[in-house]
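The structure under discussion appears below in the form of structure tokens.
Because only heavy atoms are used, hydrogens play no part in the values below, and waters and symmetry mates are left out as well, while side chains stay in. In this text, all values refer to a predicted model and were calculated from it rather than measured experimentally. Numbering of ligands and ligand atoms starts at 1, following listing order.
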Amino acid sequence: MTDQRRPLEPRRPLDPAALQAAIGSRWTVRHVGVTGSTNSDLRRSDTPDRTVLVAEQQTAGRGRLGRQWVAPAGSGLLFSAAVRVDGIPAARRAWIGALLGLAVIRGIHRVAALDAALKWPNDVLLDERKVAGLLAEGVGDLVVVGAGVNVTTTAAELPRPDACSLVSAGAADPDRAALLAAVLQAFDRLLQTWTAAGGEVLGTDLAVEYRGACRTLGRRVRVELPDGGELVGTAVDVAADGALVVDTDDGTRTSFTAADVVHLRTRG
Ligand code: BTN
């Protein structure tokens, strides 16, 4: 059993040359010790397609809906990828976050032998605890999508009781470089399928994989809206634009594009 009271020592930084070699030529990887936010760094219209920025630590890491993403130096895999999406209709671009979520699931399975799942829109869960979060942002025809994966984060270091890390979930010292390489390889393949379909997901293998991975579908959920409102209902589907479709308890079917979802265990 892993001792979760203290971090695995030492938390060595990634080796940039080894990282690029592991990842191959489909992505151009930059590695920094500290930055504000890898998403903010890449969110410029002149960022080249397929640039990846990895940081050991962020001083202003950002999450969805204006939240922060906090992780001790070297404890996680913190990266952003810039992808040109010319030719993909704007209404379908939201799927790119889910595609990276699926890639993170595949990477975790390959490198840590754990079965992760998604919570809509694209939180990555291990046994209902959040192990990774994703943030996708557009600037013109570029989408910057970032992921924070908790890797060796101890229980004491995790920001919330419903969070976990690969190590706290039972993985033995996962290799962050191998994880990033596996995630980017999977992301590349998913992007190829998505691009070939013009960004359409419904009716494709991507929808099959997403529905199989997404634990929100079919669940009783509380939907927490950015304006502070909330609704309870059953999540029944995901729409072509990535919106969550919920049959709410007031008898209406409503789609949500920006919201937080809480999986409820029992009715109400
Ligand atoms: C969320 O769960 O709310 C999304 C968290 C996204 C965090 C990652 S860490 C790397 C990248 N840079 C950021 O500033 N945010 C994303």
Under 4.0 Å from any heavy atom of [X], which atoms of ligand 1 are there?
{"X": "R64", "answer": "1 (C), 3 (O), 4 (C)"}
{"X": "S37", "answer": "12 (N), 13 (C), 14 (O)"}
{"X": "G63", "answer": "1 (C), 3 (O), 4 (C), 5 (C)"}
{"X": "G61", "answer": "14 (O)"}
{"X": "S80", "answer": "11 (C), 12 (N)"}

(message) Tell me if the aromatic rings of W120 and F256 count as close, with their centers under 6.0 Å from one another.
(response)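 Here the rings of F256 and W120 have centres that are no less than 6.0 Å from each other.
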So which protein heavy atom does [atom] come closest to, and at what separation?
{"atom": "atom 2 (O) of ligand 1", "result": "K130 NZ, 2.6 Å"}
{"atom": "atom 9 (S) of ligand 1", "result": "Q58 NE2, 3.4 Å"}
{"atom": "atom 15 (N) of ligand 1", "result": "R62 O, 2.7 Å"}
{"atom": "atom 11 (C) of ligand 1", "result": "T38 OG1, 3.2 Å"}

With distance as the sole criterion, is a donor-acceptor pair present between the side chains of [X] and [Y] under 3.5 Å?
{"X": "R30", "Y": "T51", "value": "no"}
{"X": "D250", "Y": "T252", "value": "yes"}
{"X": "S165", "Y": "T153", "value": "no"}
{"X": "T234", "Y": "D247", "value": "no"}

(request) Apply salt bridge (Lys or Arg N to Asp or Glu O under 4.0 Å) to D141 and R93, showing your working. (result) CA-CA 10 Å; D141 282 334; R93 293 180 182 178; 3.0 Å; yes
(message) Between ligand 1 and W69, is the shortest N or O to N or O distance under 3.5 Å?
(response)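 No: no nitrogen or oxygen of W69 is under 3.5 Å from one in ligand 1.
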(message) With respect to R67, determine whether any N or O atom, backbone or side chain, lies less than 3.5 Å from an N or O atom of ligand 1.
(response)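 The answer is no, given that R67 and ligand 1 share no N or O pair closer than 3.5 Å.
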(request) Determine the interplanar angle of the F187 and W27 rings, folded into 0 to 90°, and report it as parallel if under 30°, tilted if 30 to 60°, perpendicular if over 60°. (result)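 Parallel.
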(request) Please work out whether any backbone atom (N, CA, C, O) or any side-chain heavy atom from C-beta onward of A71 is under 4.0 Å from ligand 1, and answer side chain, backbone, both or neither. (result)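 Near ligand 1, A71 shows nothing, with every heavy atom at 4.0 Å or more.
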(message) Tell me the contacting part of L65 for ligand 1: side chain, backbone, both, or neither, using a 4.0 Å heavy-atom threshold, strictly below.
(response)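 For L65, there is no contact with ligand 1 at all, from either part.
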(request) Evaluate the criterion salt bridge (Lys or Arg N to Asp or Glu O under 4.0 Å) for residue pair D162 and K119; output intermediate values, then yes/no. (result) CA-CA 13 Å; D162 61 351; K119 177 164 78 73; over 6 Å; no
(message) Any carboxylate oxygen within less than 4.0 angstrom of a Lys/Arg side-chain nitrogen, looking at R253 and D237?
(response)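 Here R253 does not pair with D237 in a salt bridge, since their nearest N and O are not under 4.0 Å apart.
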